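As structure tokens, the structure follows; a few thoughts come after it.
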Amino acid sequence: MINTLQYRFDGPEDAPVLILGPSLGTTWHMWDRQVPELAKQWRVFRFDLPGHGGAPAHPTGSVTELAERLLATLDGLGVQRFGYAGCALGGAVGAELALRRPERLASLTLIAASPRFGTADEFRQRGVIVRSNGLDPIARSSPERWFTTGFAAAQPAITEWAVQMVRTTDPGCYIAACEALAAFDIRADLGRIGVPTLVLVGSDDQVTGPAEARTLVAGIPDARLAVVPGASHLVPVEQPAAVTDLLVRHFSTAWQQPAYDSSTGQMSVVVPQASPVLSVPQQASPVAEIAPAPQQPEALTGRADPYDAGIKVRREVLGDAHVDRALAQADEFSGDFQEFITRYAWGEIWDRPGLDRRSRSCVTLTALVAGGHLDELAFHTRAALRNGLTPVEIKEVLLQAAVYCGVPAANSAFKVAQQVIREETTPQE
């Protein structure tokens, strides 16, 4: 079914359910080394993301939708309450469950997670790379993102397993998952996570490292931090014994609802000296705050002012970096114009439901060729790639424009678009 996920169970049928959520590009096999020990006490439930591990390729474009599909799967199985541990995107799903359906969660572990994963631009750019080149460039670079250099060199079989795992993922589902991470941002909501939470991170994680982990711990009232030495992003694979030990200790204690000291926000956990450090940082980084959007007056007609919708669409299409640069350059002379195009071009026209964004990009590219607006053609070519057009489709738009707008105009447009496409679709070394 489209609204459910591929799953498997391990462990006693009458045991409490513990869910393990995977990272982007992985399958439920990333948890293979944890299952034997965890299945002694729990009914371990693992799931695959859409299009991962041979799962049906029904893309989900938001973390909320992923959480809803997981709940639909559990509802069909009669599972009501459960513990949850998730890595990276799997952690985002766990945080979403804690915010939206806290009564279903007995306890939570967030691994290699963050309240916001990088920037929206970074994940949308990754989608452009996959759409233009397939998953091979992402697959080949996965080991350096997931593992420490020493581990990757010493474990060639695991490294090759990681590469093949990404290669066999459905590209459309991978791109949709990137869009889900691009839109995920719970920095302002961390204080509403009320379940006992363990935040676990590899000491050498360069993707979502200790700094992001400390932000989670500082914002979640009932959270503790575990830093695993000698591990990078895919810490359950790189340090399986340490992660298993921490999960057993956390879920064994948190499920029993131990005493919680509201004055300190801490719950004590006894950890042997040989285990990774498990503590609340003395000087945790403050939770990043999101400045409220400027309050815009409602139009005289009583309709909501389209500025807020416009700035959202403008950022999604053109990217945060471009919009931030344009707004930063605005002064008393040009500020009104920036507000004008945000409100009317992006809030009124680009946000209309009559055409999808791919179609609007086709129309926009053609109009810019006709008008000879090459500067705008460059950043709207980038926008077209972000909106889902492939380089081949952009070429067809420009060929069509050559017929109706003139060969000289199209000739100039091809030069601009060719350079942009090279820059945007060439994987970074």
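Since the model is a prediction, treat every value here as computed from it, not as a measurement. Residue indices begin at 1 and follow the sequence shown.
Considering CD1 of I311 and CD of E316, their distance stands at 11.0 Å, rounded to 0.5 Å. To the nearest 0.5 Å, the span separating CD1 on I421 from CD on Q418 amounts to 8.0 Å. Rounded to the nearest 0.5 Å, atoms OG1 (T366) and NE2 (H380) are 12.5 Å apart. To the nearest 0.5 Å, atom CG of residue L66 and atom CG of residue L181 are 9.0 Å apart. In this structure, CZ in R386 is found 8.5 Å from CD in E424, a value given to the nearest 0.5 Å.
Remark: side-chain polar atoms of T390 are paired, donor with acceptor, to backbone N or O of E393 under 3.5 angstrom. Side-chain N or O atoms of N133 include one that pairs as donor or acceptor with a backbone N or O of T425 at under 3.5 Å. Here the side chain of T159 pairs a donor or acceptor atom with the backbone of A152 at under 3.5 angstrom. Using modelled atom types, one side-chain atom of Q34 and one backbone atom of P236 make a donor-acceptor pair closer than 3.5 Å. Checked by atom type and distance alone, the side chain of S334 pairs as donor or acceptor with a backbone atom of D331 at under 3.5 Å. Of the possible polar contacts, one joining the T119 side chain to the E122 backbone as a donor-acceptor pair under 3.5 Å is found. Checking side-chain atoms of R357 against main-chain N and O of V317 turns up no donor-acceptor pair under 3.5 Å. D204 places no side-chain N or O within 3.5 Å of a backbone atom of T148 that could act as its donor or acceptor partner. Here the side chain of Q239 pairs a donor or acceptor atom with the backbone of G230 at under 3.5 angstrom. The closest donor-acceptor contact from the side chain of R131 to the backbone of L385 lies under 3.5 Å.
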Legend entry - Audit row: I193, D222, side-chain contact (heavy atoms from CB on, under 4.5 Å) steps and yes/no: CA-CA 8 Å; I193 295 179; D222 188 357; over 6 Å; no
Inset, instruction - Dump the intermediate steps for side-chain contact (heavy atoms from CB on, under 4.5 Å) on D75 and R104, then the final yes or no. - result: CA-CA 11 Å; D75 289 344; R104 302 287 292 268; 2.9 Å; yes
Inset, instruction - With side-chain hydrogen bond (donor to acceptor under 3.5 Å, both in side chains) as the test, would you mind laying out the steps for R343 and Q338 before giving the verdict? - result: CA-CA 9 Å; R343 178 172 284 113; Q338 288 296 325; over 6 Å; no
Legend entry - Steps toward salt bridge (charged side-chain N to carboxylate O under 4.0 Å, His left out) verdict (D10, R46): CA-CA 8 Å; D10 295 278; R46 288 183 283 172; 3.1 Å; yes
Inset, instruction - Output, in order, the C-alpha distance, side-chain angles, deciding distance and verdict of side-chain contact (heavy atoms from CB on, under 4.5 Å) for R126 and L24. - result: CA-CA 12 Å; R126 193 184 297 185; L24 173 63; 3.7 Å; yes
Inset, instruction - Would you check, one step at a time, whether the test side-chain hydrogen bond (donor to acceptor under 3.5 Å, both in side chains) holds for T244 with E37? - result: CA-CA 7 Å; T244 301; E37 186 65 30; over 6 Å; no
Inset, instruction - Evaluate salt bridge (charged side-chain N to carboxylate O under 4.0 Å, His left out) for D324 paired with R314, printing each intermediate quantity in order. - result: CA-CA 11 Å; D324 288 343; R314 189 179 180 187; over 6 Å; no
Inset, instruction - Please step through side-chain hydrogen bond (donor to acceptor under 3.5 Å, both in side chains) for the pair S361 and R358, ending with a clear verdict. - result: CA-CA 5 Å; S361 279; R358 284 169 48 86; over 6 Å; no
Inset, instruction - Apply side-chain contact (heavy atoms from CB on, under 4.5 Å) to W146 and E238, showing your working. - result: CA-CA 9 Å; W146 287 354; E238 191 162 5; over 6 Å; no
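For the pair L99 and D189, the tightest heavy-atom approach, listed with the atom from each and the gap, is CD2-O, 3.4 Å. Here the closest heavy-atom approach between residue A98 and residue V195 is recorded as CB-CG2, 4.2 Å. Closest of all the heavy-atom pairs between C173 and P50 is CB-O, 3.1 Å. Considering every non-hydrogen atom in both G209 and V201, the closest pair reads C-CG2, 3.6 Å. Between P115 and T215 the shortest heavy-atom distance is CG-CG2, 3.9 Å. Shown here for L398 and A417, the closest heavy-atom pair between the two residues is CD1-CB, 3.7 Å.
The existence of a salt bridge linking E65 and R69 is confirmed by a sub-4.0 Å separation between a basic side-chain nitrogen and an acidic carboxylate oxygen. For the pair E103 and R81, the salt-bridge criterion is not met [side-chain N within less than 4.0 Å of a carboxylate O]. A salt bridge does not link R124 to D121: none of the charged nitrogens lies less than 4.0 Å from a carboxylate oxygen. A salt bridge links R140 and D136; the closest N-O separation between the charged side-chain nitrogens and carboxylate oxygens is under 4.0 Å.
Using a 30° and 60° split on the angle between ring planes, H322 and F379 fall in the tilted class, from 30° to 60°. Using cut-offs of 30° and 60° for the angle between ring planes, the F117 and F184 rings count as tilted. Classified by interplanar angle (parallel below 30°, tilted 30° to 60°, perpendicular above 60°), the ring pair W42/F251 is perpendicular.
Two residues are said to be in side-chain contact when any heavy atoms from C-beta on lie closer than 4.5 Å; L198 and L110 fail this criterion. Within the 4.5 Å cutoff, no side-chain heavy atoms of V199 are placed close to those of R214. Taking the side chain as every heavy atom from C-beta outward, V237 and V243 never approach each other to under 4.5 Å. A heavy-atom distance below 4.5 Å is not found between the side chains of R224 and T197. Using a 4.5 Å cut-off on side-chain heavy atoms (C-beta onward), L20 and F47 make no contact. Side-chain contact between C87 and L234 is present, with at least one heavy-atom pair separated by less than 4.5 Å. The shortest side-chain heavy-atom distance between D48 and L5 does not fall under the 4.5 Å cut-off. The closest side-chain heavy-atom distance from F9 to V44 is not below 4.5 Å.
Here F82 and F45 keep their ring centres 6.0 angstrom or further from each other.
Other residues, nucleotides and ligands contribute over 12 non-hydrogen atoms within 6.0 Å of the CG atom of D356. The neighbour count for R33 CZ, taken as heavy atoms of other residues, nucleotides or ligands under 6.0 Å away, does not exceed 12.
In this view, F147 and F151 satisfy the ring pair (Phe, Tyr, Trp, His ring centres under 6.0 Å) rule, not counting sequence neighbours. Here Y344 pairs with F340 under the ring pair (Phe, Tyr, Trp, His ring centres under 6.0 Å) rule; sequence neighbours left out.
Using a 3.5 Å distance cut-off with no hydrogens or angles, the side chains of E423 and Q419 do pair a donor with an acceptor. In this model, a donor atom of one side chain and an acceptor atom of the other lie less than 3.5 Å apart for S107 and H250.
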